[in-house]
Amino acid sequence: EDQVTQSPEALRLQEGESSSLNCSYTVSGLRGLFWYRQDPGKGPEFLFTLYSAGEEKEKERLKATLTKKESFLHITAPKPEDSATYLCAVGYQAGTALIFGKGTTLSVSS
Amino acid sequence: DGGITQSPKYLFRKEGQNVTLSCEQNLNHDAMYWYRQDPGQGLRLIYYSQIVNDFQKGDIAEGYSVSREKKESFPLTVTSAQKNPTAFYLCASSIMRNTEAFFGQGTRLTVV
């Protein structure tokens, strides 16, 4: 059973067209939810950590939010350079390492 | 600059051969991890280590081995027992478990 599920698998946007990526989780005792950006052939780059429901973090055109069951990564007025795969991961009380979702591949065209 | 260095970037393995992937970090992190990434599969945990001289199997440890003799180093050996080793291998480290992990640039292993 998937403990971290990301949707959609792929998303195509026009430049300036805002949208959201979803990450839902089913673990008990959440200790942190993490967002990463991964470019092709590269290692994931850390973006945000969220610890509790209601928390929000922002960085340039990205804003991450957290509820008790899911997190959203909102992308406002995206640019082509935002094209990448966005990964969500969770750390939880009984866990020893972060558990990752399969990612959402975002393509932004000009 | 602090970070995680993986080498080599590309590695080719012949059938029946063992190969070792290097991972070094200068972030002074206690925890280190190896993940495997396949298309459509996401990141899957191979091995992790919380402290020097201690490591634990992850979800897909069969056919792999590791050592943690120094805090900075966590090499991964892909043995001939791993029947499908072609993948992208990522090493990561964190201050402790359940905190943000930082990744190296990966090693792409191909069986020839």
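To find a chain, count down the sequence lines: A is the first, B the second, and so on, and within it residues start at 1.
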Does [X] share a hydrophobic cluster with [Y], counting links as ILVMFWY side-chain heavy atoms below 4.5 Å and allowing steps through other members?
{"X": "B:Ile4", "Y": "B:Phe55", "answer": "no"}
{"X": "B:Val52", "Y": "B:Phe74", "answer": "no"}
{"X": "B:Leu43", "Y": "A:Val27", "answer": "no"}
{"X": "B:Met32", "Y": "B:Ile46", "answer": "yes"}
{"X": "B:Leu21", "Y": "B:Tyr35", "answer": "no"}

Might you confirm whether atom [atom1] of [X] has over 12 heavy atoms from other residues, nucleotides or ligands at distances under 6.0 Å?
{"X": "A:Glu17", "atom1": "CD", "answer": "yes"}
{"X": "B:Gln17", "atom1": "CD", "answer": "yes"}
{"X": "B:Ile95", "atom1": "CD1", "answer": "no"}

Report which part of [X] has an atom under 4.5 Å of a heavy atom belonging to chain A: side chain, backbone, both, or neither.
{"X": "B:Gln6", "value": "neither"}
{"X": "B:Thr99", "value": "backbone"}
{"X": "B:Leu45", "value": "side chain"}
{"X": "B:Gln41", "value": "backbone"}

For chain B, which residues of [range] have heavy atoms nearer than 4.5 angstrom:
{"range": "residues 92-100 of chain A", "result": "A:Tyr92, A:Gln93, A:Ala94, A:Gly95, A:Thr96, A:Ala97, A:Leu98, A:Phe100"}
{"range": "residues 28-41 of chain A", "result": "A:Arg31, A:Phe34, A:Tyr36, A:Gln38, A:Gly41"}
{"range": "residues 52-84 of chain A", "result": "none"}

Compare every heavy atom of [Y] with every heavy atom of [X], then report the nearest pair and how far apart it is.
{"X": "A:Gly43", "Y": "B:Leu90", "result": "CA-CD2, 3.7 Å"}
{"X": "B:Asn98", "Y": "A:Gly91", "result": "OD1-CA, 3.1 Å"}
{"X": "B:Phe88", "Y": "A:Lys42", "result": "CE2-O, 3.6 Å"}

Q | Winner by heavy-atom pair count (cut-off under 4.5 Å) against chain B, out of A:Val90, A:Thr105, A:Thr49, A:Thr85 | A | A:Thr49

Q | Contacts with chain A made by residues 101-112 of chain B (heavy-atom distance under 4.5 Å), listed by residue number | A | B:Ala101, B:Phe102, B:Phe103, B:Gly104, B:Gln105

